[in-house]
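These notes are about the structure you will find just below.
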Protein chains: 2
Amino acid sequence: MMSSSQAAPRRHTRQREAIVRVIQASRGPLAVNDILERAQREHDGLGIATVYRTLKLLLEDGTVRQVILPSGETRYEMSGLGHHHHFQCRRCGEVVDLDVCPVAVLTGTTLAGGYTVEGHELTLYGVCPSCQE
Amino acid sequence: MMSSSQAAPRRHTRQREAIVRVIQASRGPLAVNDILERAQREHDGLGIATVYRTLKLLLEDGTVRQVILPSGETRYEMSGLGHHHHFQCRRCGEVVDLDVCPVAVLTGTTLAGGYTVEGHELTLYGVCPSCQE
DNA sequence: CTAAATGCAAAATCTTTGCAGCCTC
DNA sequence: GAGGCTGCAAAGATTTTGCATTTAG
């Protein structure tokens, strides 16, 4: 017999397409308001509730990943970008993906005290090139 | 002439003493509810608003530091613990301070792309000794 | 056509604030 | 005593949910 819990068919709407496009086009994770504002350029009248609902679906999907920065800002990025970390500019606040991982502990390492490391999250802070001049 | 904005004299109350004692006694950063529950053992009737108000003062003081984990949990620890990072157990959720810094970038380093690094936040995840057995 | 998706507004959660009484100093 | 401090409950801020309507398939 079939599974009794069928996932409801997922529909294609302008709103959802706009939201995904916006996230894909970014070089780093975006805040909900960034997503709302950018997606509204494509689809005026888009409501914040739709953004939240779509993000929730995309999270369950695994399409999107939530990134909470040490400052508490919640952002969203495409998943499947591979292991990477983030850099936030202290002046303009923008967050970009880093392709380096400057963390020297490996999964499986056991630290003094008996803590077994399985993963890590790192955020670097500093000044981005645009804000340097 | 004198400064026109005098800081109000800070009073010693049982509530505040209990809150600070609780934070000092911890081996890692505590959530607001942890602080509330533990401080209520010393001072029953303590209200959540007092905890928030006291934490705010202690933050302004510089006595206490706010730690927001990648999961979004907000916690508080004594400041002046020096440079350190955190380890969170994926089973029990407890967070402890680490005395190691496994991050290989130094302040002042410039990454490819021109990003100047000034600081970093790192959280390790894994299993704590108590949850290993 | 049917049922999922949307937008609005109300609800829920976490944190802050207003206020009357309480407690340091 | 005077004024800061507390606890309660109401107010804010952010995220979630209910509902009537719209719209994809």
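Just so you know, these numbers use all the heavy atoms, side chains as well, and skip hydrogens, waters and symmetry mates. Chain A is the first sequence line, chain B the second, and so forth, proteins listed ahead of strands; every chain is numbered from 1. Keep in mind that what you see is a predicted model, and the values were worked out from it rather than measured.
Between A:T13 and C:dT6 there is a side-chain polar atom (N or O) within less than 4.0 angstrom of OP1 or OP2. Regarding contacts with the backbone of D:dT17, a side-chain N or O of A:K56 is found under 4.0 angstrom from either OP1 or OP2. OP1 and OP2 of D:dT23 both lie 4.0 Å or more from every side-chain N or O belonging to A:Q15. Contact check, B:T50 against D:dG7: a side-chain N or O comes under 4.0 Å of OP1 or OP2.
Rounded to an integer number of Å, the gap from NE2 of B:H12 to P of D:dT6 is 12 Å. Here the P atom of nucleotide C:dT16 and the CG atom of B:L57 are 12 Å apart, to the nearest Å. Residue B:E73 contributes atom CD, which lies 15 Å from atom C1' of C:dT13 at whole-angstrom precision. Counting to the nearest Å, the C1' atom of C:dC8 and the OH atom of A:Y52 are 16 Å from each other. One can place CD of B:Q66 at 11 Å from C1' of C:dT15, the figure rounded to the nearest angstrom. The CD1 atom of B:I48 sits 8 Å away from the P atom of C:dT15 (whole-angstrom rounding). If you measure from atom CZ of A:R10 to atom P of C:dA5, you get 7 Å, rounded to the nearest angstrom. What separates NE2 of B:H43 from P of D:dC5 is a distance of 14 Å, to the nearest Å.
Rounding to the nearest 0.5 Å places CD1 of B:I23 at 12.5 Å from CZ of B:R75. In this structure, CD1 on B:I19 lies 12.0 Å from CG on B:L30, to the nearest 0.5 angstrom. Here the OH atom belonging to A:Y115 is positioned 12.0 Å from the CG atom belonging to B:L124, to the nearest 0.5 angstrom.
On a pure distance criterion of 3.5 Å, a polar donor-acceptor pair joins the side chain of B:R11 and the base of D:dG4. One N or O donor and one acceptor, one from the side chain of A:R53 and one from the base of C:dG7, sit under 3.5 Å apart.
Residue contacts shown for A:L46 are limited to sugar-phosphate atoms, with no base heavy atom under 4.0 Å away.
With hydrogens and angles disregarded, no donor-acceptor distance shorter than 3.5 Å links the side chain of B:R38 to the backbone of B:V22.
Counted by atom type alone, B:T116 and A:Q132 present one or more donor-acceptor pairs between their side chains at under 3.5 Å.
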